[in-house]
Number of protein chains: 2
Amino acid sequence: MDRRPVTLEEVARIAGVSRATVSRVVNGVATVDRELRQVVEKAISTTGYTPNRAARSLVTRRAGAIGLVLPEEGRTVHDPYFGRVVSGVLPVIRPLGVQLVLTTGDHREVVDDIRQRRLDGVILIHTHGADPLPRQLIEANLPVVLAARPVRPMSITYVDVDQAAGAALAADHLISSGCRHLATITGPLETPAGQDRLRGFLEATARHGLPEPVVVEGDFSREGGAKAAQELLADAAVDGLFVASDLMATGALPVLRQGGRRVPEALKVVGFDDSSPAVECDPPLTTVRQPVEDMAAEMARLLVERVERPDRPVSSVVFAPTLVIRQSS
Amino acid sequence: MDRRPVTLEEVARIAGVSRATVSRVVNGVATVDRELRQVVEKAISTTGYTPNRAARSLVTRRAGAIGLVLPEEGRTVHDPYFGRVVSGVLPVIRPLGVQLVLTTGDHREVVDDIRQRRLDGVILIHTHGADPLPRQLIEANLPVVLAARPVRPMSITYVDVDQAAGAALAADHLISSGCRHLATITGPLETPAGQDRLRGFLEATARHGLPEPVVVEGDFSREGGAKAAQELLADAAVDGLFVASDLMATGALPVLRQGGRRVPEALKVVGFDDSSPAVECDPPLTTVRQPVEDMAAEMARLLVERVERPDRPVSSVVFAPTLVIRQSS
DNA sequence: CTGAAAGCGCTTACAG
DNA sequence: CTGAAAGCGCTTACAG
């Protein structure tokens, strides 16, 4: 640590070439003479040379780092979703020598980080409708990709799961399991996910010719799920329930049980997310799984692409969800 | 983004001073004349100047970033513990202008990141006994802090919770709740946490004059908890159980229930960690809580300190755990 | 207290 | 294909 690292200069001297040539070898420029290249490569390995990133960044104007922006409350960090995003992103950027920096959603900080060239672009997860950050970033023409369809349409790159298709998966499953009186606890209906999941569920039940399901609005929280379940208890006929998030389902399940509904015998329940609560709750939850790691990897790819070619048109990708069947249905 | 950011040079020209003076103002050097300082500050705010970090890093030889090293399997990332660490670290380093970089535990990458001066130091969480990384880092004299006492004693900075005291908290609580026949499902006994929690538990029960508890070794996994609980079923007298991790407890609880043990009526259970499974399982778990956020903040502080003063002796900090009482006891 | 100047370690036109 | 040279945007002794 105290010993100064080897520089390009020294490698060049040892190899008997110019710094430019060493630089070309390090950066894989094809036009270097084979023999020279080998001499340089040997010098690099004997010295253990590794390029100083700050020096490179200074001239290339690239930080070699992207940011993962967390919502300011910091609540999300506790969410297993967050970890899945990280494990999806890391394998795609590491081979590119790009770092992943965690940062809070403070607007100034994010914009500053990019302006200081400490970050080449950012991935935004869990943005709310009121969040001005996405718009600010695209207006500043800074590379950004969202982890979900934006609340209001805008020209921004995003990756999402087909929410409606996921809800339809849940409906189809409940119906094919014999349920005839469906109900759903929705997400907040001002969010795209809340809307799309409800729509997908309603369309699928209609497609099967079943009567209109009972709809109770939730808020994606455990408490919200419990409250909604309480309401649902009033309707004794319900035999199939789609809860638009696993977290709400963990709130709903104990209420349903205390209300005398046996799951899955008398009432089948399907969640959404396949988050860790789905595995831990009792009974373990049948749920709609988003391919979060794959989605995150795609976000990373799109962002890197955008950093390299800021002029390219924005493009978005939608993934197909799958159903994970456990004991609640 | 296309428009080039403002540089020191331009601010200096506008303020009518040298670059050196602007640099001094930006870095808060006290010796700058009041009036000059104000002129410079005005120039900074009108231009919206913000320093280029790569340029600064190049001369200061500081990356202005620390790494949070994840175990290679990537499993840990799904763990809520990880998120708590992040939310503890971020608030202490952001005001210092230091970035938090996520990286996998690949040895070469970590060492390279530090040698390339992309990282000033690292926080290691979830290291195993066989992991050579901690030793490699201290031998290379690179700033590092561990999230727990190292398996083998070495001269390294770490932060830990008083594991034995936490286990004693559990024992005291079970005993004061009327339990007389105690048992414990331990962690893997080759880990410091496994050892210390067992020792603390045994010492506390002995202190109360109770007979030696039943001890079944676990492995900190859900499945391990289930398996150990199965063994425990053989002993009908047990009325108080300390499970050395919440995750194991979530595996144990269903087994105990199916074995006819009612929790908490016939058998009181206490976990360790206060992780999210503790809240989600049925019944919600009384558990020993580690002040993870505080511990993480301290890790960040110690690391930053170490980066600034590599010559200082290593120092470690041990935090006191607390008991969170829920329905399982 | 302030400025001129050197230098941090790279990359990249530009000649040749 | 290769090298000499300029330059990226800062900080920091060193004079004054």
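Using a 4.0 Å heavy-atom distance criterion, A:V32 is classed as a sugar-phosphate-only contact. Counting non-hydrogen atoms under 4.0 angstrom, B:V17 reaches the backbone sugars and phosphates but no base. Note on B:R53: nothing from the nucleic acid sits closer than 4.0 angstrom, heavy atoms only.
With the nearest nucleotide of DNA chain C identified for both A:L8 and A:R24, A:L8 has the one nearer the 5' end. Nearest-nucleotide assignment on DNA chain C puts the 5′-proximal partner with B:D33, out of A:E9 and B:D33.
Partner assigned to C:dT2 is D:dA15, using Watson-Crick or G-U wobble distances below 3.5 angstrom.
With hydrogens and angles disregarded, a donor-acceptor distance shorter than 3.5 Å links the side chain of A:T60 to the backbone of A:R56. Judged purely by atom type and a 3.5 angstrom limit, B:N27 has no side-chain atom pairing as donor or acceptor with the backbone of B:V29. Panel note: side chain A:D113, backbone A:L119; no donor-acceptor pair is recorded below 3.5 Å. Remark: the backbone N or O of B:A63 is paired with a side-chain donor or acceptor of B:D120 at under 3.5 angstrom.
Side-chain atoms of A:E109 and A:T104 form a donor-acceptor pair, as typed in the model, at a separation below 3.5 Å. Using a 3.5 Å distance cut-off with no hydrogens or angles, the side chains of B:T50 and A:Q116 do pair a donor with an acceptor.
Protein chain B contacts DNA chain C over a range whose 5' and 3' limits, counting nucleotides with an atom under 4.0 angstrom from a non-hydrogen atom, are C:dC1 to C:dG9.
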